[in-house]
Amino acid sequence: MSQQQAMIAQPITFYGAGAMAEAIVRGLIGRSVVNAGSLTMLNRSNSGRLEELKHRYNVKTNNDPAETTEILRESPIIVLAIKPKDAANVLRKLGPLLSDNTLIVSVIAGLTIRTIQDLLGRKQPVARTMPNTSSSIGLGATGVSFSKEINDQDRQTVMTLFQAVGTVTVVEEDKLEILTGISGSGPAYIYYMMEAMMAAGIRGGLTPQQCKELTVQTVLGAARMVQQTGEEPAALRAKVTSPNGSTQAALETLDKGDFFETVIAAVNRCAERSREMGAALKEGIS
Ligand SMILES: NC(=O)C1=CN([C@@H]2O[C@H](COP(=O)(O)OP(=O)(O)OC[C@H]3O[C@@H](n4cnc5c(N)ncnc54)[C@H](OP(=O)(O)O)[C@@H]3O)[C@@H](O)[C@H]2O)C=CC1
Ligand SMILES: O=C(O)[C@@H]1CCC=N1
């Protein structure tokens, strides 16, 4: 990542102060793309959480209903970082507070641009994004789609925001669900794999600390190998796999559990679940 990262001068309000909002805020501050004082994080009721965030990042926080209304009314950029189940209520109340050029950036899984605008009751400029939690260390992978109301400056702001915390892939909106299956939820699959590898090592007599160190370095090294050598994962896998050797035996065991197709099914189910959540929100509009 370049040292001369573009700055975002406008204040940004995070509507929702949970795991994903924190990941982005931590990344933005870590990369000095924003001044902490220009970030505000709002939640519904968890004041302890806001205290923690204020202490950790020096950001402004609030959950007083009257004050948050004023903050939202005056925010040029609002990042929606609430759960899908809370989105309908929040967006219905938010719509009347916006001005025509308030930029809405959503990280909410499944929620389409059309549904966001319908719930807001106005054709707001919207960037629908799907980041992941690795944004917190600047290694996020974010997918983005823009509504047609977005102007070039807003588009650049959104690109700057997410490029500051990792890579950005602009896609057609109907590809965001499958993208969620790969990169939005993907860290969880890798962690699950790591959990299983560590459990195996512990059962085999290694210490938890040894297992963690070995597993982390293995995952890190494998990802970096793909990135730095430019070789395909399949080619790199072949280099690890001696004919009739131990790796082949392990991979055959994975294949007995239909590993490859199971991962594909998991990614597809994730995408499908995102669409289901989006459809439920759409149906809720009446
Ligand atoms: N976690 C992840 O890996 C990723 C998540 N996402 C998306 O990010 C969004 C947030 O997820 P995540 O951060 O994990 O969720 P969390 O449960 O960690 O956070 C949700 C936040 O929303 C707040 N909130 C809920 N209702 C309101 C309301 N009416 N007014 C103000 N604040 C409210 C909660 O406040 P309180 O605690 O006070 O109720 C909380 O701060 C989801 O839509 C998810 O799809 C996208 C990519 C990856
Ligand atoms: O599980 C979820 O719904 C969110 C979306 C992507 C990652 N976490």
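Everything numeric in this text was worked out from a predicted model, so none of it was measured. Note that ligands are numbered from 1 as they come in the structure, with each ligand's atoms numbered from 1 the same way.
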Taking the side chain from Glu22 and the backbone from Ala19, do they hold a donor-acceptor pair closer than 3.5 Å? no

Can you confirm whether some protein heavy atom lies under 4.0 Å from atom 6 (C) of ligand 2, or whether none does? yes

Any side-chain donor-acceptor pair under 3.5 Å between Glu177 and Thr180? no

Residues Glu252 and Gln248: side-chain donor-acceptor under 3.5 angstrom: yes

Should you measure from each heavy atom of Gly184, which atoms of ligand 2 turn up under 4.0 Å away? 6 (C), 7 (C)

Please identify each residue that fulfils side-chain contact (heavy atoms from CB on, under 4.5 Å) with Thr218, with sequence neighbours left out. Met197

Side chains of Thr115 and Thr112: do they bring a donor and an acceptor to under 3.5 Å? yes

Residues lining ligand 1 [heavy-atom distance under 4.0 Å, listed by chain and residue number]: Tyr15, Gly16, Ala17, Gly18, Ala19, Met20, Asn43, Arg44, Ser45, Asn46, Ala81, Ile82, Lys83, Pro84, Asp86, Val90, Val107, Ile108, Ala109, Met130, Pro131, Thr133

Using a 4.0 Å cutoff against the non-hydrogen atoms of Ala109, which atoms of ligand 2 qualify? 5 (C)

Sequence neighbours left out, what passes side-chain contact (heavy atoms from CB on, under 4.5 Å) with Asp255? Give chain and number order. Phe259

In ligand 2, which numbered atoms sit nearer than 4.0 Å to a non-hydrogen atom of Ser185? 6 (C), 7 (C)

Let me check something: do Ile24 and Leu103 share a hydrophobic cluster, defined by ILVMFWY side-chain heavy atoms less than 4.5 Å apart, either directly or through other members? yes

Which residues pass the side-chain contact (heavy atoms from CB on, under 4.5 Å) test with Glu74, not counting sequence neighbours? Glu70

Non-hydrogen protein atom less than 4.0 angstrom from atom 2 (C) of ligand 2: no

